[in-house]
Amino acid sequence: MNPTQDIIPILKLALRYHREGNLDYAKYVYQHVLGIDPQNADALHLLGVSVYQSEQYDIAINLITQAIQIDSTKPLFFTNLGNAFQKQGKLEQSTQAYQKAIQIQPDYAEAYFNLGNSLREQGKLKESTQALQKAVQIQPDYADAHFNLAMLLLLQGQFVEGWEKYEWRWDSSLKSQKRNFKRPLWDGTSLSSKSILIYAEQGFGDSIQFVRYIDLFPDTTTIIVACQPELKSLLKRIGRIDTLVTKGEDIPKFDFHAPIVSLPHIFGTVLETIPAKIPYLYPDKNSDFAFLSNDERDLKVGIAWAGSPTHINDRNRSISLNNFKCLLDIKGCEFFSLQVGEHHRDIKRCGYSRIIKDLGKQFTNFHHTASAILQLDLVISVDTAVAHLAGALGKPVWTLLPFIPDWRWMLNRSDSPWYPSMTLFRQRKRGDWHSVFQEIRLTLIQYSQR
């Protein structure tokens with residue numbers, strides 16, 4: 001009897017459970033196989049992948065490395081090793097692993113895709129672009145590679161090709177909410193005396209950023225907007241919107257439709273033609289949502305330190321509230337939290353309840369947030385919807401950006417063409433928020449003394 005042959009059907013069974021998401025049982029079977037054959041490279045690799053999916057990256061690296069020591073001919077082993085290194089932020093090691101996979105299999109599109117992503121995080125944008133272009137050359141329908149290439153192009157200000165490739169998001173793993181309608185998708189043809197449905201498809205920040213495009217439609221166009229419920233009370237004050245609906249509400253008949261993030265592409269937006277008429281959101285100034293200030297002479301500063309934890313890049317953009325500690329003793333400044341969700345509790349956890357007034361716990365929609373922002377002098381925020389909202393309202397806002405930011409903030413500039421009242425504070429090296437906050441502290445001291 002050949003033990004290796006007996007193991008094959010057991011591994012196939014474990015792999016089936018693995019693909020179905022039953023990681024615990026898959027791990028058990030992989031360990032059973034290794035009990036029979038400790039040198040089984042496939043079982044070591046697959047066990048490594050399963051613990052990687054459980055976010056045990058050190059263990060995963062150890063197991064996959066053992067598999068490679070036994071069998072160094074399989075490019076998939078090196079690709080998954082690179083993935084584990086990348087999750088740990090060990091980007092040079094991940095790059096080396098992906099390059100080894102490509103050396104073994106030169107037409108390995110996924111390895112080029114992962115290599116491109118690793119190089120992007122290191123700021124090696126030219127090399128990243130080349131790797132992603134190679135991935136789509138090998139596999140022309142590789143949606144994730146096209147989409148990541150789009151974000152890389154937009155980051156570098158190459159809008160024409162970037163917007164075009166951004167349309168690959170529908171087939172990518174981004175999971176944008178594409179909606180199917182009987183009426184045609186708008187392609188930029190005349191909308192005079194026609195109606196169009198514009199619908200939200202991604203996050204709150206995207207909706208806030210791109211709702212500005214409504215002002216570009218002809219006056220004779222009937223505009224219907226479908227938005228997130230949290231934005232409805234804010235957007236209903238945009239006079240150019242004829243009908244505003246949200247989830248569960250009936251949509252009136254329309255002639256064309258367009259997802260809101262496709263509007264820059266359809267309008268052919270380049271850097272010089274970004275619609276920057278600010279403000280373009282108009283919360284009720286007579287809102288009864290108000291807060292009491294301890295001293296009218298103080299500079300009123302709103303802060304936000306975390307975005308949605310489900311955001312694809314949240315680990316790089318969201319930060320600990322403790323980073324703001326170096327600002328809280330600046331004379332003449334009064335701090336107000338605009339943070340919503342579970343993170344508003346960080347104020348109490350960090351012991352700042354007497355220093356930071358928690359406004360966010362009162363917010364139930366973005367109209368509340370906007371009303372609060374209008375009563376502030378300055379907003380300091382990570383890359384989240386609060387920053388977009390402050391920018392759309394024309395309020396001075398300082399946005400904190402990781403080393404390689406989201407595409408919309410571009411590179412090597414302290415201003416934003418999307419929001420004239422915004423100042424960008426960027427990491428100069430990966431993970432270094434300390435230097436960013438030291439720069440903000442000096443700037444805020446000067447700002448508060450004006």
Side-chain angles (χ1 to χ4, degrees), residues 177 179 195-217 221-252 254 257-261 263 275 277-292 300 302-304 306-308 310-311 336-344 357-376 379 381 383-397 418-419 421-422:
Q177 299 173 8
R179 301 175 67 173
S195 59
I196 185 170
L197 169 68
I198 306 296
Y199 66 89
E201 49 157 302
Q202 296 183 34
F204 298 122
D206 298 282
S207 296
I208 292 169
Q209 180 177 2
F210 297 115
V211 73
R212 71 182 72 204
Y213 278 86
I214 286 171
D215 286 339
L216 301 188
F217 288 99
T221 302
T222 299
I223 298 176
I224 305 161
V225 172
C227 70
Q228 298 97 326
E230 296 88 344
L231 285 170
K232 186 175 183 180
S233 60
L234 178 62
L235 300 189
K236 72 179 182 180
R237 295 187 57 81
I238 299 177
R240 192 63 192 83
I241 297 176
D242 296 286
T243 304
L244 185 66
V245 298
T246 190
K247 187 176 181 180
E249 298 177 341
D250 292 335
I251 299 174
F254 55 88
H257 67 91
I260 197 166
V261 186
L263 294 180
K277 173 183 168 290
I278 305 293
Y280 56 85
L281 296 179
Y282 312 96
D284 184 359
K285 292 184 178 180
N286 298 318
S287 170
D288 59 1
F289 187 87
F291 58 84
L292 298 176
K300 302 174 188 65
I303 61 174
S308 169
T310 60
H311 188 278
F336 301 85
S337 168
L338 302 171
Q339 190 68 50
V340 297
E342 177 63 25
H343 281 289
H344 89 89
K357 184 166 184 179
D358 186 0
L359 301 180
K361 65 181 180 182
Q362 305 173 63
F363 300 162
T364 60
N365 57 56
F366 278 94
H367 190 273
H368 290 160
T369 310
S371 297
I373 288 173
L374 286 181
Q375 298 173 66
L376 297 168
V379 172
S381 174
D383 175 13
T384 187
V386 166
H388 287 278
L389 182 55
L393 294 169
K395 183 64 62 174
V397 52
W418 296 96
Y419 302 110
S421 66
M422 181 178 287

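The chain is numbered in sequence order, starting from 1. Predicted model, so just to flag it, every value in this text is computed and none were measured. Values reported hereafter were calculated over all heavy atoms of this structure, with side chains retained and with hydrogens, waters and symmetry mates removed.
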Between Q209 (side chain only) and H388 (backbone N and O only), is there a donor and an acceptor less than 3.5 Å apart?
no
I'd like to know whether L216 forms a side-chain contact (heavy atoms from CB on, under 4.5 Å) with L263, so could you lay out the CA-CA distance, the side-chain angles of the two residues, the decisive distance to 0.1 Å, and finally the verdict.
CA-CA 10 Å; L216 301 188; L263 294 180; over 6 Å; no
Would you check if the side chain of D242 reaches a backbone N or O of I224 as a donor-acceptor pair within less than 3.5 Å?
no
For the side chain of R212 and the backbone of W418, is there at least one donor-acceptor N/O pair under 3.5 Å apart?
yes
For P283 against S371, the heavy-atom pair lying closest together:
CB-OG, 4.3 Å
Stepwise side-chain contact (heavy atoms from CB on, under 4.5 Å) check, L281 with L235:
CA-CA 7 Å; L281 296 179; L235 300 189; 3.8 Å; yes
Kindly say whether L376 contributes a backbone atom to a donor-acceptor pair with the side chain of K395 at under 3.5 angstrom?
yes
d(I373 CD1, K300 NZ) to nearest 0.5 Å is 15.0 Å
Is any side-chain heavy atom of K232 closer than 4.5 Å to a side-chain heavy atom of V225?
no
Can you classify the ring geometry of Y280 versus Y419 as parallel (below 30°), tilted (30 to 60°) or perpendicular (above 60°)?
parallel
Look up atom NE2 in H344 and atom CZ in F363, then write down how far apart they are to the nearest 0.5 Å.
11.0 Å
Among all residues two or more places apart in sequence or in another chain, which pass the side chain to side chain contact (heavy atoms under 4.5 Å, CB included) test with S421?
V397
Describe, in one word, how the ring planes of F254 and H257 are oriented to each other, choosing from parallel (under 30°), tilted (30 to 60°) and perpendicular (over 60°).
perpendicular
Heavy-atom nearest pair, I208 first then A392, reads CG2-CB, 4.0 Å
Could you walk me through whether D206 and I260 satisfy the side-chain contact (heavy atoms from CB on, under 4.5 Å) test, starting with their C-alpha distance in whole Å, then the side-chain angles of each, then the deciding distance to 0.1 Å, before giving a yes or no?
CA-CA 8 Å; D206 298 282; I260 197 166; 5.6 Å; no
Using the side-chain contact (heavy atoms from CB on, under 4.5 Å) rule, take I198 and F217 through it: C-alpha gap first, then chi angles, then the decisive distance, then the call.
CA-CA 11 Å; I198 306 296; F217 288 99; 4.0 Å; yes
Atom pair CG/CZ of N365 and F204 - distance to nearest 0.5 Å
10.5 Å
Side-chain contact test, heavy atoms from C-beta onward, threshold under 4.5 Å: evaluate it for E230 versus V340 and give yes or no.
no
Minimal heavy-atom distance between T246 and P229, with the atoms involved, is OG1-N, 3.1 Å
Quick check for you: to the nearest 0.5 Å, what is the distance between L197 atom CG and T222 atom OG1?
12.0 Å
Given side chains that start at C-beta, do those of L389 and L234 come closer than 4.5 Å, heavy atoms only?
yes
What is the minimum heavy-atom distance between G203 and Q228, and which atoms define it?
O-NE2, 3.4 Å
Can you name the closest pair of heavy atoms from L338 and A372 and give their distance?
CD2-CB, 4.3 Å
Going by salt bridge (Lys or Arg N to Asp or Glu O under 4.0 Å), name the residues that satisfy it together with D358, two or more places apart in sequence or in a different chain.
none
Identify, with sequence neighbours excluded, every residue that meets salt bridge (Lys or Arg N to Asp or Glu O under 4.0 Å) alongside D215.
none
Hey, what do you get for SG (C227) to CD1 (I241), rounding to the nearest 0.5 Å?
7.5 Å
Contact summary for M422 and A387, nearest pair of heavy atoms
CE-O, 3.5 Å
Rounded to the nearest 0.5 Å, the OG1 atom of T384 sits from the NE2 atom of H343 at a distance of 10.0 Å
